[in-house]
Number of protein chains: 2
Amino acid sequence: MSKIQHRNLYREVADRILDLIEQGDLASGDRIPERELCERFGVSRTPLREALKVLASEGSVELLPNRGARVRQLTLKMVKDTYDLMGALEGLAGELACQHITDGEIAEIRQLHDRMLGHYRSRELADYFRVNRQIHESILAASRNEALQEMYSNLSQRVKRVRYSKQMTDDFWRQAVEDHEAMIEAIEQREGRWLGQILRDHLCNKLEVAAMDEIIDDRQRA
Amino acid sequence: MSKIQHRNLYREVADRILDLIEQGDLASGDRIPERELCERFGVSRTPLREALKVLASEGSVELLPNRGARVRQLTLKMVKDTYDLMGALEGLAGELACQHITDGEIAEIRQLHDRMLGHYRSRELADYFRVNRQIHESILAASRNEALQEMYSNLSQRVKRVRYSKQMTDDFWRQAVEDHEAMIEAIEQREGRWLGQILRDHLCNKLEVAAMDEIIDDRQRA
DNA sequence: CGATGAAAATTTGAATTCATAATAACTTTG
DNA sequence: CAAAGTTATTATGAATTCAAATTTTCATCG
């Protein structure tokens with residue numbers, strides 16, 4: 001791993017720590033070793049500690065006074081709660097998007113959708129997820145609400161390490177694709193309320209939950 | 001102002017800075033004088049700078065690389081966007097609240113509602129706003145979704161300095177109270193969808209916008 | 001041998017120091 | 001006198017240092 005280049009150092013460090021968490025190098029609940037990461041990144045403790053505080057306010061890290069930082073544990077309830085939130089945000093995004101989206105953007109989303117269908121038919125899960133995410137991001141972008149987009153990415157970041165699970169039952173997958181069919185129709189007709197409703201209820205997110213293995217069930221919580 | 005006591009110092013400092021912003025001691029767009037605040041709070045630059053970085057991630061402050069921190073300017077669009085977001089979050093809170101709320105909590109909200117009506121009839125604006133906020137907070141709490149509550153308070157914090165404007169037209173006020181009547185009914189019948197809908201559309205927030213004077217119209221933006 | 005407690009080592013929290021970038025003040029020149 | 005360039009001052013970014021809290025080690029005792 002290359003040393004970090006000095007520019008908005010604390011944010012770079014924060015992103016690198018998020019990478020480590022996402023990659024699993026820092027597991028859920030792990031203590032975050034200040035000294036070691038300083039050496040690894042080639043920075044002093046000051047920017048690293050700033051990064052940790054920001055990550056704590058973003059919800060990925062937990063700070064225990066005088067006892068260091070930990071990777072925040074994800075309980076099943078926390079993940080469900082987060083998905084509920086993301087659903088609500090996407091719902092709003094859908095309504096707003098229909099008010100602001102351009103014909104060009106609709107065409108782009110349609111293209112993404114068709115590409116996604118291709119990946120669905122050939123069962124290319126990773127590609128499917130990638131394009132799927134692009135579609136949702138396009139809708140978010142079309143909402144023209146920056147705060148909404150920021151908040152959504154923050155939530156998305158929090159649960160990233162348990163998303164896009166490898167195992168997805170055929171039923172769930174088919175249902176998700178059907179939802180997307182309806183979404184496309186709603187967008188093309190600019191039916192905001194309808195699109196919002198679909199996105200809020202879009203099962204994809206909620207159903208993934210069943211397949212997650214890394215998360216801690218609340219019953220076995222520390 | 002008394003010196004800060006050393007305990008989770010950076011968070012204390014952050015809260016004090018938020019107070020200064022809310023109070024108007026630090027106006028929108030103002031440069032935040034590091035050295036001066038350090039002396040004022042009796043702390044060194046380290047915790048102060050940590051606080052600023054956290055506040056930046058929370059959206060109340062803006063960091064310009066090598067050029068210090070500023071109080072984030074609120075444009076009309078930003079406030080509108082934030083209200084849209086808060087509406088969506090309250091909508092979700094309403095739906096969830098109806099699933100989880102206890103009879104006791106419903107009774108409490110009913111009490112708050114009646115008290116609020118009293119303040120409405122006697123035109124006690126400050127008291128009305130206070131109780132009004134308590135009602136919304138109670139619904140949020142009944143959602144049993146911590147992430148939702150956190151996000152909502154964060155958004156609320158961002159626009160605090162322009163909320164609860166002194167001037168509220170009678171029409172707006174009456175409409176807000178009518179919305180609340182419907183809310184109470186929906187809660188007592190545990191009609192989640194309905195309550196959610198009311199809260200999402202609850203005009204109160206959106207209408208306040210018209211009366212704000214501190215915010216910068218996007219046209220005259222720097 | 002396990003539990004208890006004291007001392008050492010480590011880690012954290014915060015202040016200080018140092019290097020660099022930005023701003024202000026001051027010349028100099030056209 | 002204004003504009004441009006230069007120097008001085010200040011503010012910022014990051015490393016280092018110092019003090020206090022925590023954890024570990026290890027000896028002692030039951």
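FYI, side chains are in, hydrogens and waters are out, and symmetry mates aren't considered; it's all heavy atoms of this structure. If you're wondering where the values come from, they're calculated on a predicted model, not measured in any experiment.
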Tell me, for nucleotides 8-13 of chain C in 5' to 3' order, what letter each nucleotide earns: B for a base near a protein heavy atom under 4.0 Å, S for only sugar-phosphate near one, - for neither? ---SBB
When you look at A:Glu22 and A:Arg161, which way does the salt bridge (charged side-chain N to carboxylate O under 4.0 Å, His left out) test go after all the steps? CA-CA 5 Å; A:Glu22 203 182 329; A:Arg161 47 190 144 131; over 6 Å; no
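Ring geometry, A:His180 versus A:His113: the interplanar angle falls under 30°, so the pair is classed parallel (tilted spans 30 to 60°).
Dense packing is recorded around CD of B:Glu124, with more than 12 heavy atoms of other residues, nucleotides or ligands lying under 6.0 Å away. In the displayed structure, A:Glu146 atom CD is contacted under 6.0 Å by at most 12 heavy atoms of other residues, nucleotides or ligands.
The backbone N or O of A:Ile101 sits less than 3.5 Å from a side-chain atom of A:Arg190, completing a donor-acceptor pair. Checking side-chain atoms of B:Asn8 against main-chain N and O of B:Arg11 turns up no donor-acceptor pair under 3.5 Å.
Taking atom CD on A:Glu50 and atom P on D:dG13, their separation rounds to 9 Å, with Å as the unit. Per the geometry, CD belonging to B:Glu36 stands 11 Å off P belonging to D:dA11, to the nearest Å.
Each of A:Pro47 and A:Arg70 was matched to the nucleotide of DNA chain D holding its nearest heavy atom; the match closer to the 5' end belongs to A:Pro47.
One N or O donor and one acceptor, one from the side chain of A:Thr46 and one from the base of D:dA15, sit under 3.5 Å apart.
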